[in-house]
Amino acid sequence: MKKINIAIDGPAGAGKSTVAKIVADRLTYLYIDTGAMYRALTYLAISSGVNPEDGVKLKELLDASSIQLEVTEKGTDVYVNNKIVTEDIRSSEVTNLVSIIASHREIRETMVQLQQGMAEQGGAVMDGRDIGTHVLPDAEVKIFLTASVEERARRRHEENLAKGRESDLYILQQEIQRRDELDMNREVAPLEKAKDAIEVNTTSISIDGVVERILEIVKERA
Ligand code: DC
């Protein structure tokens with residue numbers, strides 16, 4: 001079967017990374033978590049004291065740094081300048097700043113180029129917000145995952161508790177809503193469904209159900 005590219009977009013907590021990772025494993029494709037790249041830059045900005053509003057300084061920081069993704073059994077390990085930051089980039093400090101960092105045109109141009117390079121050979125399952133619209137507009141399969149805000153907050157809450165992190169369901173709901181607003185209303189490459197994307201609402205479908213649906217679509221197109 002020909003190796004195609006699969007774009008999976010949608011808001012925070014819709015299940016993108018879980019689904020994308022399983023689909024990639026089932027097809028022996030490469031899973032690329034683009035949100036982790038924006039999170040890595042956010043981590044770098046915090047630790048270097050760069051103002052999150054300053055797109056030019058952020059671009060300089062990005063150009064001077066290396067961000068690497070390494071696929072593991074459990075997900076993706078993330079390295080910045082060869083230091084592992086997989087856990088650090090999931091902190092609430094990073095989570096609450098990342099949408100501001102990701103809004104700058106200067107840094108999105110570089111990120112998109114890096115991401116396009118990673119999928120050049122085909123055989124990539126890439127998740128994010130602008131994959132079907134900007135990064136891989138020619139992807140053979142485009143999926144737009146959604147779920148209600150309540151359900152997405154509940155999933156994050158359970159994930160936090162399972163990992164022994166502190167968590168407050170009400171605060172999570174507010175943070176998710178705020179992030180949705182920033183991601184959907186930014187000027188550059190906002191979160192939106194590509195015209196040719198298939199929307200899958202995951203509120204009441206199991207992960208396995210979503211994966212099977214995507215694999216069927218892939219079979220038809222590959
Ligand atoms: O998927 P995530 O929650 O790890 O993404 C973190 C943030 O990065 C998200 O709030 C918006 C931004 N992002 C983006 O702007 N474009 C992408 N392709 C992926 C993520």
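Every number for a ligand or one of its atoms is a count from 1 in the order of the listing. Everything numeric in this text was worked out from a predicted model, so none of it was measured. Below, all heavy atoms of this structure are taken into account, side chains as well, without hydrogens, waters or symmetry copies.
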Determine whether any heavy atom of Ser99 lies closer than 4.0 Å to an atom of ligand 1.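 The answer is yes: ligand 1 sits under 4.0 Å from a heavy atom of Ser99.
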Is the shortest distance from a heavy atom of Arg108 to ligand 1 less than 4.0 Å?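 The answer is yes, since Arg108 has a heavy atom less than 4.0 Å from ligand 1.
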If you have a sec, work out which protein heavy atom is nearest [atom] and how many Å separate them, to one decimal?
atom                    : value
atom 19 (C) of ligand 1 : Thr34 OG1, 3.3 Å
atom 18 (N) of ligand 1 : Asp130 OD1, 2.8 Å
atom 12 (C) of ligand 1 : Ala102 CB, 3.8 Å
atom 3 (O) of ligand 1  : Arg179 NH1, 3.1 Å

So, does [X] use its side chain to make a donor-acceptor pair with the main chain of [Y] at under 3.5 Å?
X      : Y      : answer
Gln116 : Val135 : yes
Tyr79  : Thr86  : no
Asp130 : Thr133 : no

Which of the numbered atoms in ligand 1 are under 4.0 angstrom from any heavy atom belonging to [X]?
X      : value
Asp183 : 9 (C), 10 (O), 11 (C)
Arg90  : 4 (O)
Gly35  : 4 (O), 5 (O), 19 (C), 20 (C)

If we count only N and O atoms by modelled type, under 3.5 Å, do the side chains of Asp33 and Ser17 hold a donor and an acceptor together?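 No donor-acceptor contact under 3.5 Å links the two side chains.
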Ignoring hydrogens and geometry beyond distance, is a side-chain donor-acceptor pair present between Arg39 and Thr95 at under 3.5 Å?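 There is such a pair between these side chains.
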Are any of the N/O atoms in Arg156 less than 3.5 Å from those in ligand 1?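 In this structure, Arg156 places no N or O atom under 3.5 Å from an N or O of ligand 1.
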Taking heavy atoms and a distance under 4.0 Å, where does [X] meet ligand 1: side chain, backbone, both or neither?
X      : value
Met111 : neither
Arg186 : side chain
Arg129 : both
Arg39  : side chain
Arg178 : neither

Find out whether [X] and [Y] are in side-chain contact, i.e. whether some heavy atom of one side chain is under 4.5 Å from a heavy atom of the other.
X      : Y      : result
Arg90  : Arg165 : yes
Ile101 : Tyr38  : no
Thr146 : Thr202 : no

Answer yes or no: is there an ion pair linking Glu151 with Arg155, defined by an N-O contact shorter than 4.0 Å?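 Salt bridge present between Glu151 and Arg155.
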Identified side chain to side chain contact (heavy atoms under 4.5 Å, CB included) counterpart of Leu145 within the set Val19, Asp127, Asn201: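 Only one option passes, and that is Val19.
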